[in-house]
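Report on one structure; see the data block that follows.
Chain naming here is simple, since letters A, B, ... match the order of the sequence lines and numbering starts at 1 in each.
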Number of protein chains: 2
Amino acid sequence: MANNTNTKYSTKEKILKYAIKEFLEYGFYGARMQRIADKAKINKAMLFYYYKNKKQIYKEALMSIFKTVVENLINISDEDVPIEDKIKEIIDIYADFASKNPDYLRLVQYEFSRGGKDFTKYNILKDVSKSQLFPLNPDTGKIFKYFNKKMKSGEIRNINLAHLIISIAGQVMASFFARPLFEAIGVYKPSDFDKFIKERKEFIVKLVLDGIRGGN
Amino acid sequence: MANNTNTKYSTKEKILKYAIKEFLEYGFYGARMQRIADKAKINKAMLFYYYKNKKQIYKEALMSIFKTVVENLINISDEDVPIEDKIKEIIDIYADFASKNPDYLRLVQYEFSRGGKDFTKYNILKDVSKSQLFPLNPDTGKIFKYFNKKMKSGEIRNINLAHLIISIAGQVMASFFARPLFEAIGVYKPSDFDKFIKERKEFIVKLVLDGIRGGN
DNA sequence: TTATGAATTAACCAATTGGTTAGTTAATAA
DNA sequence: TTATTAACTAACCAATTGGTTAATTCATAA
């Protein structure tokens, strides 16, 4: 092996790492193989030595990204904390991940804007949803279990939990997905983005909490 | 003029119409000038006769699309209806537009996924937000006026209205933006999408209504 | 009828693109 | 030492791309 085992990343790993950056920046069609090679400081031919073609690199990049996204979003605890804290926990998980990985999120959004063609083609989503840990899994998802208990005990009214999760996630994610809109029209000063997110979290907690406590 | 005035659209209009379709399908980099010409059944050179280059066609397509989006989203009435009806009205406007123009929405999403580079570059968003009719305009927006009145009368608690609008729109739009995810993981059967949206509307109305009525 | 400019076309082009290939270097095992 | 294979490189290539151009058709006005 001429593979340099001293360096942190193998050539194959480097390719994926910088391919992700390139795809994030330009999408599939706009991504350039030469630019990926340049970013990774390797010969372009290596891309085709380790991967069949551009599509395959994209596929592996997508899978890697989506795996990271899901791994982050399933970290919901089993603890039986008060409802307000549980809602905060869910919001925090989504918001924190979005804050820390804006580029990952953007590629997911890019894929969604294309109708999720490749997500479905590569079975990326299906594999993920089978996971016992997936929060939207109505049988095993921790969020479902928690709120089902709270509905039975009467602490919250009867609600459709899939809708609740979508509503919470939707409110949080909107802040990140439509960020260019908000900043362009001056909803907040770009430098105040973190402050805006903090405000938004508090707003969502209160809205949802009152919303699910309200009379049946 | 050799321009065929019998047909419904002029050549220039045809170009924009089919360019939009192409950009919606493939994004900027994936769009092909030849394919636009083929779709419009004109000679490729006509694209460069009426427009400077690809970028310019994209720019005009973006502006046209965004204009349509905004024109639809500002159609909020002035009527002083009950709060529940007003929330329903807002939700309906967003949901109806998204249902009727899934492709337009996808291009907006595509642009957002790119960080809204071109939206800001072409000043598309800024021009729009200046509009007196823009619902997010805190001084003149009809939604602001309506809810401010309701806050003063005590019918709802004091809330940040920008956040309220983002929350409502976010919950509605999530249903469309993340549609590939929901269908892949089986939140509903793809054929039941309309039913899902109907359910979602009802869910959001109730959540928001209880959420803004709740104690201060 | 004819002159004029706008609209349209087919053929073309330079540059870029994803992908290949023949040959070289480096590591390992016998 | 040497044979073998994996890792790597530079040069190359066919196909595609956005964009151009010179020539032609068409409509209109004088």
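Salt bridge status for B/Asp194 with B/Lys198: absent, with no side-chain N to carboxylate O gap under 4.0 Å. Between A/Lys17 and A/Glu13, none of the side-chain N atoms (NZ, or NE/NH1/NH2) sits under 4.0 Å from a carboxylate O, so this pair counts as no salt bridge.
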Go through the steps to decide whether B/Ile36 and B/Lys44 satisfy the test side chain to side chain contact (heavy atoms under 4.5 Å, CB included), and finish with yes or no. CA-CA 8 Å; B/Ile36 294 172; B/Lys44 194 185 73 171; over 6 Å; no

Start with the C-alpha gap between A/Tyr58 and A/Phe28, add the side-chain angles, then the distance that decides, and say whether ring pair (Phe, Tyr, Trp, His ring centres under 6.0 Å) holds. CA-CA 7 Å; A/Tyr58 186 65; A/Phe28 176 74; 5.1 Å; yes

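For the OP1/OP2 pair of D/dC8 and a distance below 4.0 Å, the side-chain nitrogens and oxygens of A/Tyr50 include at least one atom meeting the criterion. OP1 or OP2 of D/dA7 has not a single side-chain nitrogen or oxygen of A/Thr11 nearer than 4.0 Å.
The stretch residues 51-63 of chain A comes close to DNA chain C through A/Asn53, A/Lys54, each having a heavy atom under 4.0 Å from the strand. Interface residues of residues 20-37 of chain B facing DNA chain C, ordered by number: none; criterion, heavy-atom separation under 4.0 Å.
Nucleotide C/dT25 holds its C1' atom 12 Å from the OH atom of A/Tyr49, rounded to whole Å. Put simply, CG on B/Asn43 is 15 Å from P on D/dG18, counting in whole angstrom units. The CZ atom of A/Phe48 sits 18 Å away from the P atom of D/dC12 (whole-angstrom rounding). Residue B/Asp38 contributes atom CG, which lies 14 Å from atom C1' of C/dT9 at whole-angstrom precision. Between the NZ atom of B/Lys41 and the C1' atom of C/dT9 there is a distance of 18 Å, given to the nearest Å. Computed from coordinates, the A/Leu47 CG to C/dG19 P distance equals 10 Å when rounded to whole Å.
With A/Tyr26 as the aromatic partner, A/Arg35 meets the cation-pi criteria of under 6.0 angstrom to the ring centre and within 45 degrees of the ring axis. For the pair A/Lys12 and A/Tyr50, the cation-pi test (distance below 6.0 Å, angle within 45°) is failed.
With distances taken from any side-chain atom of A/Met46 to the nucleotides D/dG19, C/dT21, D/dC8, the minimum falls on D/dC8. Considering only the side chain of A/Ala45, C/dT21 comes nearest among D/dA6, D/dG18, C/dT21. Side-chain atoms of B/Lys44 lie closest to D/dG18 of the nucleotides C/dT9, C/dA7, D/dG18.
Within a 6.0 Å sphere centred on NZ of A/Lys39, other residues, nucleotides and ligands contribute more than 12 heavy atoms.
Under the 30°/60° scheme for interplanar angles, the aromatic rings of B/Phe193 and B/Tyr188 are found to be tilted. Ring geometry for A/Tyr104 against A/Phe97 counts as perpendicular: the plane angle is over 60°, on a 0 to 90° scale with 30° as the lower cut.
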